[in-house]
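Input: a single structure, listed below in structure tokens.
Nothing here was measured: the structure is a model prediction, and the numbers come from that model. Order of appearance sets the numbers: ligands from 1, and atoms from 1 within every ligand.
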Amino acid sequence: MERTKIKELLLAKPGQKVLAKGWVRTKRGNKEIAFIALNDGSTINNIQIVVDKSKIEDSILAKVTTGACIGVTGNLVESVGSGQAVEIQADSIEIYGECDPMRYPLQKKDTSFEYLRSVAHMRMRTNTFGAVLRIRNQMAFAIHEYFHSKGFVYLNTPIITESDCEGAGQMFQVTTLDLENIPRNKKGAIDYAKDFFGKQTSLTVSGQLEGELGATALGEIYTFGPTFRAENSNTPRHLAEFWMIEPEMAFYDIEQNMDLAEDFIKHLVKYALDNCYDDIKFLNDRYDNTLIDRLKSVIGIDFVRLEYTEGIKILEQAVADGTQFEYPVSWGVDLQSEHERYLVEKHFGKPVILTGYPKDIKAFYMKQNEDGKTVRAMDVLFPKIGEIIGGSERESSLQKLENRINELGMSRTNLEWYIDTRRFGSCPHSGFGLGFERLLLFVTGMQNIRDVIPFPRTPKNAEF
Ligand code: 4AD
Ligand code: MG
């Protein structure tokens, strides 16, 4: 007999023989009857198995413990109990994998997220992580579908690279040099000519620079891939390995860039509500009963669009009125998450797109404004998250770009290929990067970014 997934069984017509396979969540009952809650990961919901103990051998039933993997054949019948439409009356049970209840890492008594991170190889079997990872899957699909429907080309940019796109020096080096015996040149410096690629290479912090090459050839592209930052930030919003979506569009100015970012995020949130409602409802009811309202509210409103300079004025006024920030505020500072959240949560009560940042706190490639002080950057700031998207219109003038590179004292040896986009048929263009896990924090309402990726990489943690 063929197995039917539990998601389908729960919607199926009663009165047929079925085979369900999955992992036991709970078993309870009395002398005559046992009730098994079975889950196979296809849905947050379990199917209830009703066992007439006279029909199933004791030795088999004894092996049906929490965590065990079993197959159940029986009749799908209308359920008498509340909570489910159908249940299975078991004819036979096959044990695929026993599970010692004493040693099973998932115990009722310790389900803190911190503990679950220490058993990340098992935590996907919990309701919460099942829900989060199904939502993650749906969001990945929705992202591809969104760009595909708009005619964007999915471009795979390299993971191993020579260039530090963001210029923040937070790169993980990639090398095959013998660390016990590092080759040196005559000057005593590390001889990268002997390294695998013949030069110093790292894991990418962003696919943008290569994305721009794609956009200035194919028109509109997007990347969606792993991204690495060796920043030592142990915060609930930073990972050393995260996934980023980076659209890059020829002929878009900063306004069109903002329009796309806003439409994109709203589309994804709506998609989640339309396609992941069971999982979102579970997270809403279990952890944060404002989640669904928060998601709905984002779809229906216009994001605030605000100049950095205006944002600073609001924050300075807040300080004058008695708000205490850990970090000082004045024109020129990089906004901290506390500042971003003040603007979004306290002042406006909705997402804010902040533009016109000082050029000194932003990357070299951003389009410079006439004032000589600011650039056409845009950060999308979200409630509970802070920055969810960072982007900009790009500097398309060869001369201005070169001046900025020189001003910053950047090495040009591995940037000439990038500068060629401005030498040969330069065009106005824009793009942005959405942190996939930041989006998931918003959509799931989870508090810690380590809990929206299956296997988080953070300082001192690369297990599993
Ligand atoms: O603002 P960032 O650094 O921008 C870029 O990398 C640009 N090259 C994007 C572009 O214009 N194509 O990063 C973009 C987004 C952030 O807004 C944030 O959502 C996410 O990436 N992000 C991180 N997410 C998790 N952990 C980290 N350490 C992150 N750093 C950035
Ligand atoms: Mg940023």
Could you find the nearest protein heavy atom to [atom] and give me its residue, atom name and distance?
atom: atom 10 (C) of ligand 1; result: Gln208 OE1, 3.2 Å
atom: atom 15 (C) of ligand 1; result: Gly433 O, 3.6 Å
atom: atom 9 (C) of ligand 1; result: Glu246 OE2, 3.2 Å
atom: atom 26 (N) of ligand 1; result: Leu239 N, 3.0 Å
atom: atom 17 (O) of ligand 1; result: Glu387 OE2, 2.6 Å
atom: atom 24 (N) of ligand 1; result: Phe242 CD1, 3.5 Å
atom: atom 21 (O) of ligand 1; result: Met244 SD, 3.4 Å
atom: atom 18 (C) of ligand 1; result: Arg438 NH1, 3.4 Å

Checklist entry - Within Asp379, is some N, O or S atom less than 2.8 Å away from the Mg ion (ligand 2)? => result no
Would you say [Y] and [X] are linked by a side-chain donor-acceptor pair, where the criterion is simply a distance under 3.5 Å?
X: Ser430; Y: Gln256; answer: no
X: Ser396; Y: Arg394; answer: no
X: Tyr365; Y: Gln208; answer: yes

Quick check on contacts: which atoms of ligand 1 are under 4.0 angstrom from a heavy atom of [X]?
X: Gly390; value: 1 (O), 9 (C), 10 (C), 11 (O), 17 (O)
X: Ser206; value: 6 (O), 8 (N)
X: Arg394; value: 10 (C), 11 (O), 12 (N)

Item to check | Shortest-distance N/O/S atom, Glu387 versus the Mg ion (ligand 2) | outcome: OE2
So, 4.0 Å and heavy atoms of [X]: is ligand 1 close enough to count as a contact?
X: Tyr365; answer: yes
X: Glu166; answer: yes
X: Ile449; answer: yes
X: Ser392; answer: no

Next on the checklist: Any heavy-atom pair between the side chains of Tyr222 and His144 that's under 4.5 Å?
Outcome noted: yes
Checklist entry - Does the side chain of Glu210 reach to within under 4.5 Å of the side chain of Pro158, using non-hydrogen atoms? => result yes
Checklist entry - N/O to N/O below 3.5 Å, does that happen between Gly391 and ligand 1? => result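 Not met; the criterion fails.
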Within reach of ligand 1, part of [X] (heavy-atom separation under 4.0 Å):
X: Thr227; value: neither
X: Glu437; value: neither
X: Ile389; value: backbone
X: Arg237; value: backbone
X: Arg229; value: side chain
X: Glu241; value: neither

Could you check whether the rings of [X] and [Y] sit parallel, tilted or perpendicular, using 30° and 60° as the cut-offs?
X: Tyr287; Y: Phe282; result: perpendicular
X: Phe224; Y: Trp243; result: perpendicular
X: Phe364; Y: Tyr418; result: perpendicular

Checklist entry - side chain to side chain contact (heavy atoms under 4.5 Å, CB included) with Asp253: which of His429, Arg376, Glu393? => result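 Among His429, Arg376, Glu393, the one meeting side chain to side chain contact (heavy atoms under 4.5 Å, CB included) with Asp253 is Glu393.
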Next on the checklist: For a quick test of reading the model, state the closest non-hydrogen atom pair linking Val205 to Phe228 and the distance between them.
Outcome noted: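 Where Val205 meets Phe228 most closely, the heavy atoms are CG1-O, 3.2 Å.
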